[in-house]
Amino acid sequence: MKHTTRSIVLAAAVSATMLASRAGAAGLLIADGGFGGTLAIKQQDVKVVINNGIATTTVDEVFQNTESRIVEALYTFPVPRGASVSNFSMWINGKEMVGEVVEKKLARQIYDSYKQKKRDPGLLEQVDYRTFEMRIFPIAANAEQRVQITYCQELDFDHDRATYVYPLATNTRHAVDTKVQGKFAVSVDVKSEIPIVDFESPSNTKDFVFARHNDKYVQASMEAQRGDLSRDVVLSFQSSRPRTGLDLITSKPDGEDGYFSLTLTPGEELKSIDQPMDYVFVLDVSGSMNEEGKLITSQHALGEFISTLGPGDRFEVMTFNVSPTTLFSKLVTADEASKAKAQSFLNSQQAAGGTILKSAMGTAYKYASDRPLNVVILSDGLTEQNEHQTLLNLIAQRPKDARVFAIGVGNDVNRPLLEQITGNSGGLAAFVSREDNMQRQAQAFRRKLLRPIATDVAIHISGIEAYDLQPARLPNLYFGSPVRVYGRYKGSGAATVSVKGNAGGIPLEQAVSMDFPKSDDTNPQIERMWAWKKIDALLKEGDSAGSRDPFINDIVLLGEGYSIATEYTSFLVLENDAEYQRWKIEQRNAVRMKRDRDSQARVELALEKLRDNATADLGPAGAEHAKASEASAPVATPMADPAARPRSATPAPAVKETSHNRSLDFSVPSMGGGGAFDLKSALILIGGISMAGCVRHRRRLLKPNA
């Protein structure tokens, strides 16, 4: 299983105040071809725009060949979770050449043919489920090379908190210089229809400056000389929806089919139930957990999780490598004595041996009783390749009322495998950076395990022709964990969106009227997110069937049509337009990037207006106006110190934008004292859903059902 899956996290990097503590790091350009040597990173600029939960990250870097010979450079970086790499550009003779997506073997053939002539090609390939490699040849002696990579990603929200990670800490390559020679800068713009109440960086508390321009737009910025690229940087913001609601954002060029994204999220009025449950914690102690400090971080995360268990909970702790080892050999009450014994057991573990998860899973199933059983795996998922199909079969044979959850730590994790085995059991997978707040992550993850709000969730849209929904089968809906749906639509106008599900055996159905516009060109990144979800579904279908061969052609068509690098398609940069014509490569991504950048420019203009509004009352000219509008003045405050960070701010005057957001709240009955609620209330709650996303289709590159 070598592919990336759903939703991700953001991007940033580490300031000069952070010391390199690991051998591996990502985003590094090294001289390849057997000659060795490291090229200097002269400058790196990272710009991130997060628009209603979708992050577009652009990394612009300048490298220098410090050697007195021509080299082929290899740039390696980890795949951000759920990311779709949407552009790779090189500057050749002072001009930006935008890469085009080509079938992988053909792209490598063309690249190698230019190497023989010492011409200027570039190649970006997905090596496996976690790593991209970018090759550039030739870089002349002592010359500079500028490159740019853009990727889009769907952000995960956990109890209204979104977390962004630039996954720098990895072991893709070793023994390389992790310092930027010159400026390293990161800027982040977060725009949300749901008010933002908090923004922080757990990893870089003192390095980022935060500015809140109003309650729906926040900026973060850091800049350093000699920045270090050896550790993840984590940024996190919390939004707050007072009530359960329905939000829809669409995009559709005139005369073409549109795209939409729906996100199901319960509102603040739903509180988790303190329902006693059973847990079997399964900790991977194989040799691969030694790398990048994964075992230490997993021990910490699991310890935090166990500390959150209530007096009515029961639990067991198990470790495994080639065979499992149990601590109690039974389920014990989560009292202080058992928690202390579990912590001591965890602290004594050392990583060694291979990884065979099957025996551990089979042993965990033996703890099934008359209560719901949650099997929580902490692992990197790096099992033997021939065990993957066996694990999928084992998930299908799990006991009734047993769900499997997984926590993957660090970037060197088999995310696709962990997500597939948990998703097939109705559970969830979470991925944690070592630089994040472990206590908060553990508490948030436990809230999900208390109970799924609804199972068998399905969405139906009538009034317009909606098709190709991704995923075709929705996962369970958990409190604090939204479920996103992407799709296509024909026509326009009012449509009825119906949500069905099952809560405790009681069927539910709610319906609302939403507007799907005839034209909307504000958010092009959702186009690729839909295509990436479809690619991911095809990969999973192939893996479940035991062979991807029947699906590769469709994956290649989607990759080429939507400019997405996959394991079967690559980005290829040629010297000039004539070279693309010579190889009969249509420059579709060049057109796509122009439209993307036009859209981004419109977003930037809107954000600039918000920034201007936020500072209108500063200085002598605005003093009188400030007195008159003191109660409604926006707040723009550095938030480096979490204790001093404001929790909310009064919005600045709204800037009118061209979009088709639709937001409807539902009247949900009171949940009663202490947050308890009955099943009928839960049913009504499901009708309220938060739907967020951005969509745009710029040209029909594939057939509608491709």
Side-chain angles (χ1 to χ4, degrees), residues 4-14 26 46 48-57 78-83 151-170 186-192 194-205 207-208 210 218-220 222 231-241 263 265 297-298 300-301 304-305 378 405-411 413 415 418-419 428-448 478-484 529 639 642 645 690 692:
T4 54
T5 52
R6 333 175 1 184
S7 151
I8 144 182
V9 282
L10 153 75
V14 181
V46 180
V48 183
V49 176
I50 302 170
N51 191 354
N52 291 291
I54 303 297
T56 300
T57 302
V79 179
R81 180 175 175 245
Y151 59 85
C152 298
Q153 55 198 64
E154 173 189 79
L155 302 178
D156 282 336
F157 281 78
D158 187 334
H159 197 54
D160 291 330
R161 180 173 289 275
T163 301
Y164 316 90
V165 179
Y166 196 24
L168 293 171
T170 184
V186 180
S187 64
V188 184
D189 290 283
V190 181
K191 181 177 178 291
S192 172
I194 301 173
I196 301 169
V197 297
D198 187 32
F199 199 5
E200 65 174 340
S201 172
S203 61
N204 292 61
T205 303
D207 299 316
F208 276 97
F210 297 86
V218 179
Q219 277 187 301
M222 64 166 283
R231 294 174 60 188
D232 292 348
V233 164
V234 181
L235 291 100
S236 175
F237 74 83
Q238 174 129 17
S239 58
S240 176
R241 171 181 284 284
T263 305
T265 308
T297 308
S298 297
H300 185 195
E304 291 286 358
F305 198 113
L378 287 89
F405 299 81
I407 301 176
V409 177
N411 303 314
V413 175
R415 297 185 293 263
L418 295 181
E419 287 187 322
L428 295 168
F431 301 94
V432 181
S433 168
R434 293 184 300 274
E435 312 302 332
D436 206 346
N437 184 319
M438 288 295 175
Q439 183 177 15
R440 185 184 69 207
Q441 289 279 9
Q443 292 172 344
F445 197 71
R446 182 175 182 268
R447 277 195 297 266
K448 297 188 186 70
Y478 291 84
F479 178 56
S481 181
V483 172
R484 289 187 178 92
M529 292 307 303
M639 295 192 290
R645 189 167 50 250
S690 161

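For reference, positions follow the sequence shown, starting with 1. The structure presented is a predicted model; accordingly, all values stated were derived computationally and were not measured.
Taken to the nearest 0.5 Å, the OG atom of Ser236 stands 3.5 Å off from the CZ atom of Arg161. Asn51 CG to Thr56 OG1: the interatomic distance, rounded to the nearest 0.5 Å, is 8.0 Å. Within the model, atoms OG of Ser201 and CE of Met222 stand 8.5 Å from one another, a figure rounded to the nearest 0.5 Å.
For the pair Thr163 and Val234, the minimum side-chain heavy-atom distance is below 4.5 Å. In this structure, the side chains of Ile196 and Val190 come closer than 4.5 Å at one or more pairs of heavy atoms. Between Leu155 and Ile50, some side-chain heavy-atom pair lies under the 4.5 Å cut-off.
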Stepwise side-chain contact (heavy atoms from CB on, under 4.5 Å) check, Met529 with Cys152:
CA-CA 7 Å; Met529 292 307 303; Cys152 298; 4.2 Å; yes

List the steps and the verdict of side-chain contact (heavy atoms from CB on, under 4.5 Å) for Lys191 and Val218.
CA-CA 7 Å; Lys191 181 177 178 291; Val218 179; over 6 Å; no

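Under the rule for a side chain to side chain contact (heavy atoms under 4.5 Å, CB included), the partners of Ala220 that lie at least two apart in sequence or sit in another chain are Val188, Phe199, Phe208, Phe210, Leu235.
A donor-acceptor pair is defined here as one N or O able to donate and one able to accept, closer than 3.5 Å; no such pair exists between the side chain of Arg484 and the backbone of Glu154.
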